[in-house]
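Report on one structure; see the data block that follows.
Lettering follows sequence order; numbering is per chain, from 1.
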Amino acid sequence: MRKSIKFNTKCKLCLLPSLAGTAVFFVIPYIRVLYYSLIDNQFRRNFVWLDNYAKTLNNEYFLLALKNSLLLIVICVPVLLLLALLISLVLSFGIKAVRRTRAAFVLPMVIPTASIVIIWRSVFAANETVLPLYLLFVWKNIGICIVLLTAAFTGIDGNIFEAAKLDGTGTFTLHRKITVPMIMPTLLFTALLSVVNSFKIFKESYLYYGSNYPPEHSYTLQYYMNNNFLKLDYQSLATSAVLTSVIVFLTVLAGLAIQRRYRQ
Amino acid sequence: MKKYLSLFLVCVLVLSGCEKNNAAEELPAEYADYFEYPVTQNESTLFSQRFAVDENGGVYLCSHIMENTVYGQEVSGSAMTGYDMNGNISGEYLIGKTVTEFDVKNGMLYGVFLNAQGGELSAVDLQTGSTSNICNIPEIMSALKCEVTGNYAYILGKFADRTGIEGEFSDISGMYGYDCEKLIRVDISSGDIEESKVKFPISFSVSGDKCEVYAADRDGYYFCGFDGSGRCPHDIQAMDGFAMISKDRFVFSANSGNDMRKLCAGSLNNADGMSQVYDDVFISGNTIRSFGGYTYFYAQRFSGNDMTEGVIRLYNNSYIRKNNKIKFISAQYDFDVPFGCGYTMDYRNLSDDEFALAVLSQSSDYDICIVNSYQSYASNIRDKGSFYPLNDVPGVREYLDRCFPCIREAAVNDDGEIWMLPVSVNVPLIIYNKAACEKAGISLSDDMSLSGFISACETAFKNGSVNGISAHPYPLIQNLLMQYLSVYNDLDTGLFRDTAKIIKEKINISEPGKFPEYLPAVNIALNSIGLGGSYDDVLFAAEYDIQPAIYEAVTGVFNAVPLPDITGNGNTATCAFLTVNPASEDIGTALDYISSLCGYLMNTENSFLLSDRSTYTDTECMSDIFGIYKNSHVCFNISEEIIYSDLVRYMSGEITLDELINEGNRKLKTYLGE
């Protein structure tokens with residue numbers, strides 16, 4: 001008993017610096033932003049409670065930005081995961097020659113964004129749809145997804161495959177009923193990571209369009225927040241940031257719930 | 001008992017002696033904070049621009065006696081007029097010889113008199129007029145400054161024996177070049193001359209029995225003692241002259257840079273930074289003196305073509321705020337720095353993002369931000385309440401009441417709060433030479449259309465290169481957009497379509513040379529204003545900045561009309577203003593500064609903030625400009641990328657007019673609706 005008490009105290013002490021950092025750099029600022037979202041301005045500090053939220057949720061540009069951000073998630077994340085999965089399967093179980101090309105898929109992660117944007121602009125110069133942005137997101141993030149999924153594949157015990165093959169299982173059924181379910185936790189984690197990364201596409205989008213006011217189809221939440229920052233509208237910025245964090249939080253919760261259920 | 005009484009008497013004597021000494025160091029504060037000694041001159045006297053301060057704070061102004069000779073007027077002697085601290089004449093004295101630099105102590109004038117052999121230091125009893133030679137100063141070519149303290153006279157001059165090292169040293173910026181200066185000290189009793197070890201002295205000042213020297217060498221600028229000891233680096237490039245006002249603080253004037261035409265204050269170790277004390281005067285640096293808590297300097301003031309001169313006395317404590325620093329931030333690359341009013345100004349230029357972050361995060365790292373209404377976030381500071389209201393700050397209401405109505409209106413928000421202090425205003429206009437324009441067949445008027453103005457430029461261009469015009473298209477286009485957006489929220493109007501077409505056809509900046517914007521003669525002529533240049537070569541110049549316009553307006557040669565008004569809503573003005581940070585660490589000092597600044601701005605001539613015509617130079621052009629400013633309104637700009645960037649694409653033919661309008665409207669709607 002004494003040993004376990006000591007161990008727990010030591011654990012807590014070890015965790016303290018990390019918790020302190022999280023508190024100082026995340027928790028306290030978040031609470032502060034929450035506070036700012038409930039007042040009229042940070043100089044007068046009169047509480048208006050949910051008025052700012054009502055104003056933001058009724059703002060057509062916030063709703064447009066939200067719609068575009070959600071579309072990016074709904075369309076691009078499944079495409080990204082599917083592509084990453086297929087490529088990972090080929091890289092993990094395909095012929096050696098193909099497996100040697102693994103490094104090429106990681107390259108998009110290390111190439112500077114500005115360089116990528118220059119190439120994208122010249123390739124998609126005539127394209128006025130949202131396709132370039134979607135393709136950019138998929139291309140930029142596929143590398144990390146492949147890395148994670150490939151790592152997950154290597155964690156599967158080879159005996160299971162052998163046993164399945166001995167039972168006469170076809171390749172497709174093998175992957176569908178054994179491989180994918182076995183890597184499901186990693187797949188879910190990769191999905192969540194991709195959702196979070198979808199909110200970070202602002203840098204690429206801003207460089208691509210070169211404007212604080214991109215075409216409507218690419219106007220995402222980050223543009224709304226950034227423009228309000230430049231207009232010194234802290235309340236709109238704080239409110240939209242809180243709402244965005246709630247969306248991300250709910251998405252992560254849903255993902256974890258699915259993951260837990262799947263494990264059961 | 002006797003012993004104690006004696007001891008008591010000794011103490012009293014000693015203490016009274018100390019008190020006398022202390023009284024000699026500081027003059028009473030009962031005299032006026034500001035006083036100007038009159039400079040009088042007539043046909044036979046000419047003020048020498050030199051004066052001295054004696055041990056009682058009395059001032060002696062020196063005039064040269066002019067004599068008519070076959071060679072014209074020549075100086076035949078000097079005359080001194082003494083004034084007491086109240087400005088009453090204490091005495092008038094004739095000096096038989098012409099004195100160059102001098103000082104007065106205990107009724108004796110110690111002056112440098114030049115002669116064929118160089119020069120001499122002589123003492124003149126002002127009461128009796130008797131002169132005694134103290135020493136000869138061989139090789140001296142001219143005297144720059146002379147100050148006496150105790151038994152020593154310090155003299156800075158140009159010496160022939162230093163010509164060997166002339167040009168040996170000058171700094172990289174070219175602001176300073178050595179010119180044979182040498183500093184010497186003369187023992188008044190013995191006449192012995194001692195040379196300072198400082199090789200390149202620029203100026204000096206005596207305070208008590210100490211001589212502080214400002215000098216330069218290859219390691220930079222520095223202060224030091226007469227013997228070169230106690231080196232204290234301090235880079236004040238282009239320092240003209242200085243005077244010590246205390247053990248470690250001094251006042252100085254500079255002949256270039258931001259501190260030009262100002263009396264400034266600083267400390268030897270530069271710990272407190274430098275502050276601007278007095279503004280808008282040309283100061284002869286080596287005439288600055290300080291004594292007993294007062295600073296004296298000879299200054300010239302120019303108002304139009306008139307020059308007035310005088311010796312000014314300031315009470316240091318009223319003009320120099322010790323240890324009070326005002327921290328400014330701005331996101332402008334280049335902005336008009338407001339006058340320091342004796343405070344030390346600490347400026348930081350930030351990027352747009354850094355500026356927004358500083359304001360939104362309620363950083364206590366700055367006291368005041370300076371913004372211009374053409375910057376996109378200017379109105380947001382007002383709308384988001386990011387300011388400290390100035391309603392109760394002394395002087396602010398009085399100042400705003402004296403401003404033009406449009407400026408007053410812009411400074412007050414919908415809740416009646418005074419959210420900013422305007423410090424400068426700018427209305428783009430056209431300065432023109434009426435006679436030259438008539439001769440060239442060019443007509444400029446108050447109600448001139450955009451096409452009319454373009455036609456005037458084309459006509460001027462056709463007439464040949466001797467006719468000077470300046471009408472840069474970029475600020476013209478910016479002004480047209482600002483005019484339009486101050487009235488309309490929609491680009492799909494006939495007015496915008498017509499204006500955009502004219503811009504593309506006639507003043508297209510993507511086709512260099514298309515618009516006859518500039519003929520070099522205009523700059524040659526305008527740059528020669530005040531130097532005897534001819535204005536005949538100037539037809540007109542579009543001035544987008546008020547300062548050159550004022551410079552041209554005071555000549556009395558030109559007239560002014562506003563830029564074409566496309567909306568009929570009057571002239572558009574942009575305004576630079578200050579807002580106080582409500583989260584400032586030292587808000588009391590910031591508000592004191594605002595109050596001082598209001599006092600300064602209310603007494604500024606030709607500011608174009610004040611609605612009193614009598615504060616402007618009396619010329620026809622100035623009346624025209626006054627009328628233009630009176631009928632203007634302050635505009636708060638939106639982001640340039642909303643419309644301007646697409647307008648450029650339209651001008652280059654990348655997009656059509658309809659595409660410009662659609663894209664511009666989309667961005668405008670987003671900007672307004674977010």
Side-chain angles (χ1 to χ4, degrees), chain A residues 28-29 32-33 35-37 39-46 48 52 55-66 68 121 125-126 128 202-203 206 209-241, chain B residues 331 351-363 369 371 375-389 413 415 417 419 579-584 587 636 638-646 648-649 654-655 659 662-674:
Chain A
I28 294 172
R32 193 159 181 174
V33 166
Y35 166 66
Y36 284 146
S37 71
I39 56 176
D40 60 348
N41 79 55
Q42 60 268 35
F43 299 100
R44 306 300 159 84
R45 303 190 185 195
N46 300 317
V48 295
N52 291 328
K55 194 173 131 205
T56 301
L57 287 167
N58 282 320
N59 185 299
E60 64 174 296
Y61 291 97
F62 174 78
L63 295 172
L64 172 67
L66 183 63
N68 287 333
R121 268 184 167 173
E128 289 181 4
F202 176 64
K203 184 172 64 173
Y206 185 83
Y209 291 110
S211 169
N212 281 317
Y213 301 95
E216 276 192 3
H217 52 66
S218 298
Y219 183 80
T220 53
L221 282 168
Q222 294 88 339
Y223 280 102
Y224 180 84
M225 288 191 270
N226 192 59
N227 291 344
N228 277 301
F229 167 71
L230 291 173
K231 282 194 235 171
L232 308 179
D233 190 345
Y234 208 121
Q235 273 53 55
S236 294
L237 172 60
T239 313
S240 50
Chain B
S351 66
D352 282 353
D353 286 353
E354 286 169 337
F355 182 84
L357 197 60
V359 171
L360 286 177
S361 65
Q362 301 174 73
S363 169
C369 59
V371 188
Q375 290 172 301
S376 56
Y377 46 76
S379 56
N380 293 317
I381 293 177
R382 173 195 61 201
D383 297 339
K384 305 306 170 196
S386 311
F387 58 87
Y388 186 93
N413 67 10
D415 297 329
E417 291 170 318
W419 66 281
T579 61
V580 176
N581 175 17
S584 163
I587 199 159
F636 287 88
I638 62 169
S639 171
E640 209 174 85
E641 77 165 282
I642 301 286
I643 292 167
Y644 184 75
S645 51
D646 293 310
V648 170
R649 291 170 64 210
E654 215 178 303
I655 56 176
E659 284 168 339
N662 289 338
E663 187 65 3
N665 268 346
R666 182 186 68 75
K667 287 182 181 172
L668 188 58
K669 208 171 147 229
T670 308
Y671 176 84
L672 296 170
E674 275 174 336

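Both the backbone and the side chain of A:Asn212 come within contact range of chain B, judged by heavy atoms closer than 4.5 Å. At a 4.5 Å heavy-atom cutoff, the contact between B:Phe387 and chain A is made by backbone and side-chain atoms alike. Residue A:Glu216 touches chain B through both its backbone and its side chain, counting heavy-atom pairs closer than 4.5 Å. Residue contact with chain A, scored on non-hydrogen atoms closer than 4.5 Å, involves the backbone and the side chain of B:Tyr671 alike. With a 4.5 angstrom heavy-atom cutoff, A:Asn59 touches chain B only via side-chain atoms. For A:Tyr213, the parts lying near chain B are the backbone and the side chain together; criterion is any non-hydrogen pair under 4.5 Å.
Side-chain contact between B:Arg382 and B:Phe636 is present, with heavy atoms from C-beta onward closer than 4.5 Å.
Residues B:Asp646 and B:Glu663 approach most closely at OD2-CG, 3.4 Å, considering heavy atoms.
Taken to the nearest 0.5 Å, the NZ atom of B:Lys384 stands 8.5 Å off from the CG atom of A:Leu232. A:Leu64 contributes atom CG, which lies 10.0 Å from atom CD of B:Glu674 (distance to the nearest 0.5 angstrom).
Judged purely by atom type and a 3.5 angstrom limit, A:Asn52 uses its side chain to pair as donor or acceptor with the backbone of A:Ser37.
Note on ring orientation: taking the six-membered ring where Trp is involved, the planes of A:Tyr223 and A:Tyr219 are parallel (angle under 30°, cut-offs 30° and 60°).
In this structure, A:Phe62 has its ring center under 6.0 Å from that of A:Tyr224.
Listed options B:Ile381, B:Leu357, B:Asp383 were ranked by heavy-atom pairs under 4.5 angstrom with chain A; first place goes to B:Leu357. Most heavy-atom pairs under 4.5 Å with chain A, from the set B:Ser386, B:Ser379, B:Pro582: that is B:Ser386. The most heavy-atom pairs under 4.5 Å with chain B, out of A:Ala65, A:Gly210, A:Ser211, come from A:Ser211.
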